[in-house]
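To keep things clear, I will list the structure first and then write my remarks on it.
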Number of protein chains: 2
Amino acid sequence: MSKELPEWEKAREEFVVQWGSLGTQWGIPRTMAQIHALLMTAPEPMCTDDVMERLEISRGNAHTNLKDLVGWNLVRIITKKGDRKEYFEAEKDVWKIFITISKERKRREIEPAIHLLRDCAARTKDEATGPGKDFHQQMQDLDEFLSFGVKVADTVISMKHASALQWAMRLLG
Amino acid sequence: MSKELPEWEKAREEFVVQWGSLGTQWGIPRTMAQIHALLMTAPEPMCTDDVMERLEISRGNAHTNLKDLVGWNLVRIITKKGDRKEYFEAEKDVWKIFITISKERKRREIEPAIHLLRDCAARTKDEATGPGKDFHQQMQDLDEFLSFGVKVADTVISMKHASALQWAMRLLG
DNA sequence: TCACGCTTTCATTAAAAACTGAAAGTAATG
DNA sequence: CATTACTTTCAGTTTTTAATGAAAGCGTGA
């Protein structure tokens, strides 16, 4: 067996494993979620071999998922002088993580949907009656809702944490 | 080949197929997303055989996904008197769909995460210095953020569409 | 009670996604 | 320019997830 870990490292272990399972429920590859959890709780940037060893995964897997996380802007590459290795460091600020994920999801998931809805609405804009008109209306309703959501998201995304908080408190209060 | 469809039905076909692919990106089974798209644009409630035929899928598949959608409260079962079949009807009101999905995601995805974070924070509450303390702090930050998000979501969920709109307009204005 | 019409389950198969490991690529260094 | 220290790719494999279709279940009414 491996050597005894300090108490916080045991909790971290648990966090990494469980965050991985939560990830899959959420449509995120297990390994990617685990690496993210690992890096979010890393005192220092980690290199590919650190991650491989810690999670007991292959080089290819570690590499691909690290780069995907970089692609999501959730992780950045750090280089140390006199060292050819790349080190990886996760964004730890919760508000920044939120902003980043919101932006990416908007781009990857919402915008293509809006595209589709507009296309379907355009193709049926001359439908004047009955089911054809209802279909057109449904496409438009969905489009309007998502587009409005994007506007709200853009506003929130451009806010500093403090002002967003203040604004949200007003909503709750 | 099948008979000629009216123009709006062709657009609907496109919508169903594409919504299915979008669904997979989102972590939702293709068939489930397709059925949802089909029902959201159905002039009348549909029975299992209607869905099977339209999407060319097996009975088991149609059945399971219809029931899953019912489980998500996105679809309800309609019975007609003098007819033993179950018919399925999707919620079409965009705001209601949004509320429903928010509630379910909160329950299935956010709350388990909060649980995990609290557990990990509790296990390290005595860490006074260094990495252990940082870990504890990170767990708490994540917890606080998600918990706050839940509070905001609960507030929005309890709003009527009109008041939510009004409130959002104030944010944007 | 049995036959019918529909719903549900589930063992099997198919498809998709994730992971491995080894080989190829790249660039800094002596 | 050759070695070294890494990074990147990818064909093949494993694992996971989704779909099939046939059989079992269930309730109604003849």
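Sequence lines set the chain letters: A, B, ... in the order given, protein chains first and strands last, and positions in each chain run from 1. Source: prediction; values computed, not measured.
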B:T31 side-chain N/O to D:dA19 phosphate OP1/OP2 under 4.0 Å: yes
Just compare [options] and give me whichever is closest to any side-chain atom of [X].
{"X": "A:K67", "options": "C:dT7, D:dA19, D:dT8", "answer": "D:dT8"}
{"X": "A:R84", "options": "C:dA28, C:dT20, D:dA19", "answer": "C:dA28"}
{"X": "B:N65", "options": "D:dA19, C:dT7, D:dA5", "answer": "D:dA19"}
{"X": "B:K85", "options": "C:dT7, D:dT20, C:dC19", "answer": "C:dT7"}
{"X": "A:R59", "options": "C:dC19, C:dA27, D:dT7", "answer": "D:dT7"}
{"X": "A:I57", "options": "D:dA18, C:dA27, C:dT20", "answer": "C:dT20"}

Could you check how far [atom1] of [X] sits from [atom2] of [N], rounded to whole Å?
{"X": "A:E86", "N": "C:dG25", "atom1": "CD", "atom2": "P", "result": "19 Å"}
{"X": "A:Q25", "N": "D:dT16", "atom1": "CD", "atom2": "P", "result": "15 Å"}
{"X": "A:M32", "N": "C:dA17", "atom1": "CE", "atom2": "C1'", "result": "14 Å"}
{"X": "B:L66", "N": "D:dT20", "atom1": "CG", "atom2": "P", "result": "13 Å"}
{"X": "B:N61", "N": "C:dT9", "atom1": "CG", "atom2": "P", "result": "15 Å"}
{"X": "B:H63", "N": "C:dT8", "atom1": "NE2", "atom2": "P", "result": "4 Å"}
{"X": "B:L55", "N": "D:dA18", "atom1": "CG", "atom2": "C1'", "result": "15 Å"}
{"X": "B:D50", "N": "C:dC6", "atom1": "CG", "atom2": "P", "result": "12 Å"}

Taking atom types as modelled, is there a side-chain donor on A:Q140 or A:H136 under 3.5 Å from an acceptor on the other? yes
Checking the side chain of A:D50 only, and the main-chain atoms of A:C47 only, is there a donor and an acceptor separated by less than 3.5 Å? yes
Tell me what [X] touches on the nucleic acid: a base, only sugar-phosphate, or nothing, going by heavy atoms under 4.0 Å.
{"X": "B:T24", "answer": "nothing"}
{"X": "A:D83", "answer": "sugar-phosphate"}
{"X": "A:D49", "answer": "nothing"}

Nearest-nucleotide check on DNA chain D, A:T64 vs A:R30; residue mapping nearer the 5' end is A:T64
Go through the structure and list residues passing side-chain contact (heavy atoms from CB on, under 4.5 Å) with B:D143, not counting sequence neighbours. B:I114, B:L117, B:R118, B:S147
Below 4.0 angstrom, N of the basic side chain to O of the carboxylate: do A:K80 and A:E44 qualify? no
Is it true that B:R108 and B:E104 make a salt bridge, defined as a side-chain N closer than 4.0 Å to a carboxylate O? yes
